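Model, not experiment: these values are computed from the prediction. Counting starts at 1 for both ligands and their atoms, in listed order.
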Amino acid sequence: MIRFAVVGTNWISHAFCEAAQESGRLELVAVYSRTLETAQTFADEYGVSRVYDDLDEIAGQPDIDAVYIASPNSLHAPQASLFIRQGKHVIVEKPMASNLAETEALIALAKEHGVVLLEAMKSRYTPNLVRAKEVLATLGPLHRASLSYCQYSSRYQRYLDGKNPNTFNPEFSNGSLMDIGVYPLSAALELFGIPKSFTASGQLLDSGVDAHGSLTLKYDTFEVLLSHSKVSDSYLPSEIQCENGSLMIESISRFKQLTVHERGLPERNVSLHQSDNEMVYEAHHFADLIEQGNYDHEGLEKTREVSRILTEARAQLGITYPADAL
Ligand SMILES: NC(=O)C1=CN([C@@H]2O[C@H](COP(=O)(O)OP(=O)(O)OC[C@H]3O[C@@H](n4cnc5c(N)ncnc54)[C@H](OP(=O)(O)O)[C@@H]3O)[C@@H](O)[C@H]2O)C=CC1
Ligand SMILES: O=C1CO[C@H](CO)[C@@H](O)[C@@H]1O
């Protein structure tokens, strides 16, 4: 059993702890929060007794093998770096870091210290991502694709009320592209590879982060449009149009369901069965990498490429974070 700690106590940390339990390979043994009370409340749900409000202290515990980090984006790099230096394996929420320089530094540090570093990009490890690649190979030449993740943020009203929530605060390296645009971007790189070039557009809020936007990825013979929003909802699936048929993907962050439409044929559900908690697949992958001692795995290059495009897209849009100046 891999003994892990959690940093960050919002709902996504619960989802990961449940996925870890479901995997049967990762055991939660300690919880960090800025307050011991919050850490204890979280820990109680899992029958865990060790709680910390000091990051250095938890990172120095010799009987903790790994950590799951789900803090605001700007804290990923300094926190991951602290744990890596203490020889802990790290799974860190998406996006791995604020910018490409931080991402590359973390990757180099993990290799230097011989620990696994993994971005918790949950869609990347789902069975339906593999299935989507298989299905696309049967549909003929790819001509167009439109991948979308647009979801009204429950914190937007707080932003409008002047309460400066983390979600729309550049201090935390946040905004639509970083928070949810990263999902269609990641999916596009998985499905179509690295684009020749791309252009970004978007609408900025007064806080300086983006509310919504698009990326157009240009490949030799096709274009892919990525749409993302934190201030409106989309009810359409993502769609990949090939000459002989189109593949629809419901929920691009989860690859929840795949449907094929072929000309003249009834639509077909081609999905594989997936757990309701798709984080279980990244939990398994993290455990696999640790057991194999695989510190130079292919996910790192994928994360680096996503980080490069996010960083360049932000430059095109004029979005800068305090972390960029460090
Ligand atoms: N994979 C997925 O499906 C999802 C991934 N995410 C990712 O998880 C990460 C966290 O997102 P989200 O929960 O929305 O973020 P929050 O802003 O809600 O912060 C998450 C946790 O970090 C701690 N925290 C909050 N503010 C600060 C601060 N100012 N300084 C230090 N610690 C702070 C809090 O834990 P505490 O009070 O215990 O210290 C909090 O519970 C992000 O990277 C996001 O992209 C988010 C949702 C879903
Ligand atoms: O990764 C994510 C998936 O969904 C959330 C919304 O429910 C986002 O805010 C989040 O960061």
- Item | Test of proximity, Thr38 against ligand 1: N or O pairs below 3.5 Å | no

- With heavy atoms only and a cut-off of under 4.0 Å, state how Thr167 meets ligand 1: side chain, backbone, both or neither. neither

- Please work out whether any backbone atom (N, CA, C, O) or any side-chain heavy atom from C-beta onward of Arg155 is under 4.0 Å from ligand 1, and answer side chain, backbone, both or neither. side chain

- Message: Just to be sure I'm reading this right: ignoring hydrogens, which of Gln79, Lys94, Glu93 gets closest to atom 45 (O) of ligand 1? Compare them by their nearest heavy atoms.
- Response: Lys94

- For Ser173 and Arg314, test the side chains for any donor-to-acceptor distance below 3.5 angstrom and give the result as yes or no. no

- Query: Based purely on interatomic distance, does Tyr32 place a nitrogen or oxygen under 3.5 Å from a nitrogen or oxygen of ligand 1?
  - Reply: no

- Looking just at side-chain N and O atoms, do Glu278 and Tyr125 make a donor-acceptor pair shorter than 3.5 Å? no

- Closest to atom 32 (N) of ligand 1 (heavy atoms only, candidates Met96, Met279, Arg34) is Arg34

- Item | Best match, Phe42, Tyr183, Trp11: closest heavy atom to atom 2 (C) of ligand 1 | Tyr183

- Item | Distance from atom 3 (C) of ligand 2 to nearest protein heavy atom, with residue and atom | Tyr149 OH, 3.5 Å

- Message: Checking a contact table here: which protein heavy atom is nearest atom 3 (O) of ligand 1, and how many Å away?
- Response: Lys122 NZ, 2.6 Å

- Nearest non-hydrogen protein atom to atom 17 (O) of ligand 1, with distance, is Asn166 ND2, 2.7 Å

- Message: Tell me if the aromatic rings of Phe4 and Phe16 count as close, with their centers under 6.0 Å from one another.
- Response: yes

- Query: Which residue and non-hydrogen atom of the protein lie closest to atom 11 (O) of ligand 2, and at what distance in Å?
  - Reply: Asp179 OD1, 2.5 Å

- Query: Should one rank Pro95, Ala70, Gly8, Ala97 by closest heavy-atom distance to atom 20 (C) of ligand 1, which comes out on top?
  - Reply: Ala70

- Task: Taking only heavy atoms of Tyr183 into account, list the atoms of ligand 2 that are under 4.0 Å away from them.
- Result: 1 (O), 2 (C), 3 (C)

- Message: Starting from atom 31 (C) of ligand 1, what is the nearest protein heavy atom, named by residue and atom, and what distance separates them?
- Response: Leu75 CD1, 3.2 Å

- Item | Per-atom contacts of ligand 1 with Asn10, taking only distances under 4.0 Å to non-hydrogen atoms | 12 (P), 13 (O), 14 (O), 18 (O), 41 (O)

- Message: Below 4.0 Å, non-hydrogen atoms only: which portion of Thr9 touches ligand 1? Side chain, backbone, both or neither.
- Response: both

- So the atoms of ligand 1 within less than 4.0 Å of a heavy atom of Ser33 turn out to be 36 (P), 37 (O), 38 (O), 39 (O)

- So which bit of Glu93 gets within less than 4.0 Å of ligand 2, heavy atoms only: side chain, backbone, both or neither? neither

- Message: Tell me whether ligand 1 is touched by Phe172 - counting only heavy atoms on the residue side and a distance under 4.0 Å.
- Response: yes

- Note on the structure: Under 4.0 Å between heavy atoms, the region of Asp179 that gets near ligand 1 turns out to be side chain

- Does atom 24 (N) of ligand 1 have any protein heavy atom closer than 4.0 Å? yes

- Here the atoms of ligand 1 under 4.0 Å from any heavy atom belonging to Asn73 are 42 (C), 43 (O), 45 (O)

- Query: How about His14 and Phe42: are their ring centroids closer than 6.0 Å?
  - Reply: yes

- Query: Closest non-hydrogen protein atom to atom 6 (C) of ligand 2, residue and atom name please, with distance?
  - Reply: Gln151 NE2, 3.2 Å

- Output yes when Arg155 and Asp179 qualify as a salt bridge under the 4.0 Å nitrogen-oxygen rule, no when they do not. no

- Task: May I ask you to check whether Thr126 and Asn128 show a side-chain donor-acceptor distance below 3.5 Å?
- Result: no

- same_hphob_cluster(Phe172, Ile180) at 4.5 Å side-chain heavy-atom cutoff: no

- Message: Out of all atoms in ligand 2, which are within 4.0 Å of some heavy atom of Lys230? Include the element for each.
- Response: 9 (O)

- Message: Please confirm whether His76 approaches ligand 1 to less than 4.0 Å, judged on its heavy atoms.
- Response: yes

